[in-house]
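Step one of this worksheet: look at the structure below.
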Number of protein chains: 2
Amino acid sequence: MPPIKVKMLETEGGKGGAKAAPSKRPRAQTRIQREKQEVILEAALDVFSREGFRGATIDQIAEAAGMSKPNLLYYFPRKEEIYQRLLAEMLDIWLAPLREIDSVGDPVPELRSYLRRKLEMSRDYPRQSRLFANEMLQGAPRVLEMLESDLKALVDDKAKVIEGWMDAGKIVRTDPYHLIFSIWATTQHYADFDVQVRAVLGKDRGGEGRFEDAARFLENLFLHGLLPKT
Amino acid sequence: MPPIKVKMLETEGGKGGAKAAPSKRPRAQTRIQREKQEVILEAALDVFSREGFRGATIDQIAEAAGMSKPNLLYYFPRKEEIYQRLLAEMLDIWLAPLREIDSVGDPVPELRSYLRRKLEMSRDYPRQSRLFANEMLQGAPRVLEMLESDLKALVDDKAKVIEGWMDAGKIVRTDPYHLIFSIWATTQHYADFDVQVRAVLGKDRGGEGRFEDAARFLENLFLHGLLPKT
DNA sequence: TAACGTTTTTTCCAACTGGTCAAATTTCTG
DNA sequence: CAGAAATTTGACCAGTTGGAAAAAACGTTA
């Protein structure tokens, strides 16, 4: 499956320093270039995921990256470019777990591992989750197209897989789309609403253990629900 | 229970036009004052819920409210004030459903109606939900305190109610906190990630009917889970 | 080490930002 | 209707913003 594309403004394919060498010949990327770009993206993820696109400033990002604003702009000539790059990178890893859902597998281990993987993503990549959430809140101006095409296609596909499980009587007949939504919602909640979760759980239960608790809870919820088996 | 307080910068208690009448006597609010403030808050909700605090500009809000920037500032001298007012108003209605959960009731209708009410809020007040989500993504700088005190207390209380149900064998023994989180997450998802939901469901299923479908699905999920009763 | 390409810094700019202020206009009240 | 109070407007301001330009500093390699 091809990597997800956010309409990108030609992110400086590798001219060797954005503004240099007009039409001479595309040089390979320097070590410094790779490193600094990494640092910048890292810092930008921090800022964008907190403030959203409009709320974030190049100065903030530059400061977080430990360099001057013009220096940063040397590597990424536009704010928009950094953001879109992060978004695209993000969407790719973010949807990987869903892609892995396999029709041949049994639903129980399959769903269980999907839940777990999504929860692990929330634990290990919370900023990416928040970046995406921010974009959604703004109405997804930059990814709407891809949601309607790529994402929809992917979910349609997996919904069919789930329906297959229902046909085989392996799981209860229900709406596969809303099932997927609820898995997204419950797992991403731990990244996007992390502050709230910690605040409510309090000092004692708000530590790393919360993810284990959440995993156990969600597994039970999705498999058995709340009512005792009569 | 007292209304939730966000530390507010004295939102102009009613001096009758923010800058007027220094120390004369607090006049009652004019009709125009009430009306315009309403219009402004309405417009501000639109903008803040999309762009977040930093991303929103007074100009945008003024334009959406159909007035000039200085005119808007006549009613709310600070951007921060508008935002905090919205936040406080919002938290109050937002938590109402949770407050209503009753210990004497039976868990099934009680949880069912909580789910429904929360989902209705997502349908009827999506902007408020997104406003709150935006605040959470930013790390809840303005409401963290109240989350740690008021909200925690409220959830602690309701968690006890739920535990009572477990003790009585009415529902399966599980973590009441994560149960509440998952109800929040699943229901608010339909407001916060509305674009995504619509995009994935497509034109045909993305209409208003999606809330009925979601309600049915969530009810089943929370009560019975996915595995067929053996 | 000289020459060249890369990286960084300094300076600058026009547009936008939140907000002020006084004057002009409108609305209300007696 | 007159006068006072409330509302609206236009001009303005200092600080911030995204970004351009050019020069200075640095690194590499012939």
Side-chain angles (χ1 to χ4, degrees), chain A residues 9 11-40 43-44 47-48 51-85, chain B residues 9 11-40 43-44 47-48 51-85:
Chain A
L9 317 156
T11 305
E12 191 270 301
K15 274 206 263 115
K19 297 168 186 172
S23 80
K24 258 210 173 161
R25 169 195 283 268
R27 284 207 177 225
Q29 282 206 323
T30 316
R31 170 186 53 93
I32 294 185
Q33 266 168 43
R34 271 190 309 272
E35 286 175 8
K36 295 265 160 141
Q37 283 185 12
E38 215 20 71
V39 173
I40 292 171
V47 180
F48 280 132
E51 311 279 3
F53 180 74
R54 286 224 51 200
T57 73
I58 300 185
D59 272 313
Q60 275 177 91
I61 298 171
E63 159 140 36
M67 65 183 75
S68 68
K69 178 170 63 166
N71 197 183
L72 181 151
L73 285 168
Y74 170 72
Y75 293 102
F76 292 91
R78 324 246 137 226
K79 184 186 175 186
E80 184 75 40
E81 244 173 69
I82 310 176
Y83 186 74
Q84 301 217 0
R85 171 100 163 239
Chain B
L9 316 157
T11 305
E12 190 267 303
K15 277 203 262 117
K19 297 168 186 174
S23 79
K24 258 208 176 166
R25 168 197 283 268
R27 286 209 175 223
Q29 282 206 324
T30 316
R31 169 186 53 91
I32 294 183
Q33 264 167 46
R34 272 191 308 274
E35 286 174 7
K36 295 267 159 137
Q37 283 184 15
E38 215 22 71
V39 173
I40 291 170
V47 179
F48 279 133
E51 312 278 3
F53 180 74
R54 286 225 52 201
T57 75
I58 301 185
D59 273 311
Q60 275 176 93
I61 299 172
E63 160 139 35
M67 66 182 76
S68 67
K69 178 169 63 167
N71 197 184
L72 181 152
L73 286 167
Y74 171 71
Y75 292 101
F76 293 91
R78 325 249 136 224
K79 182 186 176 187
E80 183 77 38
E81 246 174 70
I82 312 177
Y83 186 75
Q84 301 217 1
R85 171 102 161 238

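Every value quoted in this text rests on a predicted model; they were computed, and no experiment measured them. Per chain, numbering begins at 1; letters A, B, ... match sequence-line order.
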Below the 4.0 Å mark, does [N] have OP1 or OP2 next to a side-chain nitrogen or oxygen of [X]?
| X | N | answer |
| --- | --- | --- |
| Y74(B) | dT20(C) | no |
| S68(B) | dT8(D) | no |
| N71(B) | dT9(D) | yes |
| Q33(B) | dT7(D) | yes |

Nucleotide by nucleotide, nucleotides 14-19 of chain C touches protein heavy atoms under 4.0 Å in the pattern (B base, S sugar-phosphate only, - none) ---SBB

Grab the [atom1]-[atom2] distance between [X] and [N] for me, whole Å please.
| X | N | atom1 | atom2 | result |
| --- | --- | --- | --- | --- |
| I40(B) | dT7(D) | CD1 | C1' | 12 Å |
| L72(B) | dG10(D) | CG | P | 16 Å |
| E63(B) | dT9(D) | CD | P | 14 Å |
| K36(B) | dT27(C) | NZ | P | 9 Å |
| I61(A) | dT16(D) | CD1 | P | 17 Å |

Verify side-chain contact (heavy atoms from CB on, under 4.5 Å) between Q37(B) and F76(B), making sure each step is shown before the conclusion.
CA-CA 8 Å; Q37(B) 283 184 15; F76(B) 293 91; 3.8 Å; yes

So CG of L72(B) and NZ of K79(B): to nearest 0.5 Å the spacing works out to 11.5 Å

I61(A) CD1 to M67(A) CE distance, which is reported to the nearest 0.5 Å
11.0 Å

Non-neighbouring partners of A56(B) that pass side-chain contact (heavy atoms from CB on, under 4.5 Å), sequence neighbours left out
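By the side-chain contact (heavy atoms from CB on, under 4.5 Å) rule, A56(B) matches V47(B), F48(B), E51(B).
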
Side chains of E80(A) and Q84(A) only: does a donor on one sit below 3.5 Å from an acceptor on the other?
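Note: E80(A) and Q84(A) side chains meet the donor-acceptor criterion.
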
Give each protein N/O atom lying under 3.5 Å from an N/O atom of nucleotides 28-30 of chain C, with the pair distance.
residue	atom	partner	partner atom	Å
dC28(C)	OP1	R31(B)	NH2	2.8

Can you run down the salt bridge (charged side-chain N to carboxylate O under 4.0 Å, His left out) pairs that involve residues 52-63 of chain A, sequence neighbours left out, and say none if there aren't any?
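Checked against salt bridge (charged side-chain N to carboxylate O under 4.0 Å, His left out) - neighbours excluded - the pairs reaching residues 52-63 of chain A are D59(A)-K69(A).
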
Hey, where does DNA chain C pair up into stems, meaning at least three consecutive Watson-Crick or G-U pairs with distances under 3.5 Å?
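DNA chain C forms these stems: C:1-30 with D:1-30.
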
Do you know the tightest heavy-atom contact between I40(B) and I82(B)?
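Shortest heavy-atom contact: CG2-CD1, 4.3 Å.
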
Let's go through K36(A) and Y74(A) carefully: what are the C-alpha distance in whole Å and the side-chain angles of both, what is the deciding distance for side-chain contact (heavy atoms from CB on, under 4.5 Å) to 0.1 Å, and is it a yes or a no?
CA-CA 10 Å; K36(A) 295 265 160 141; Y74(A) 170 72; over 6 Å; no

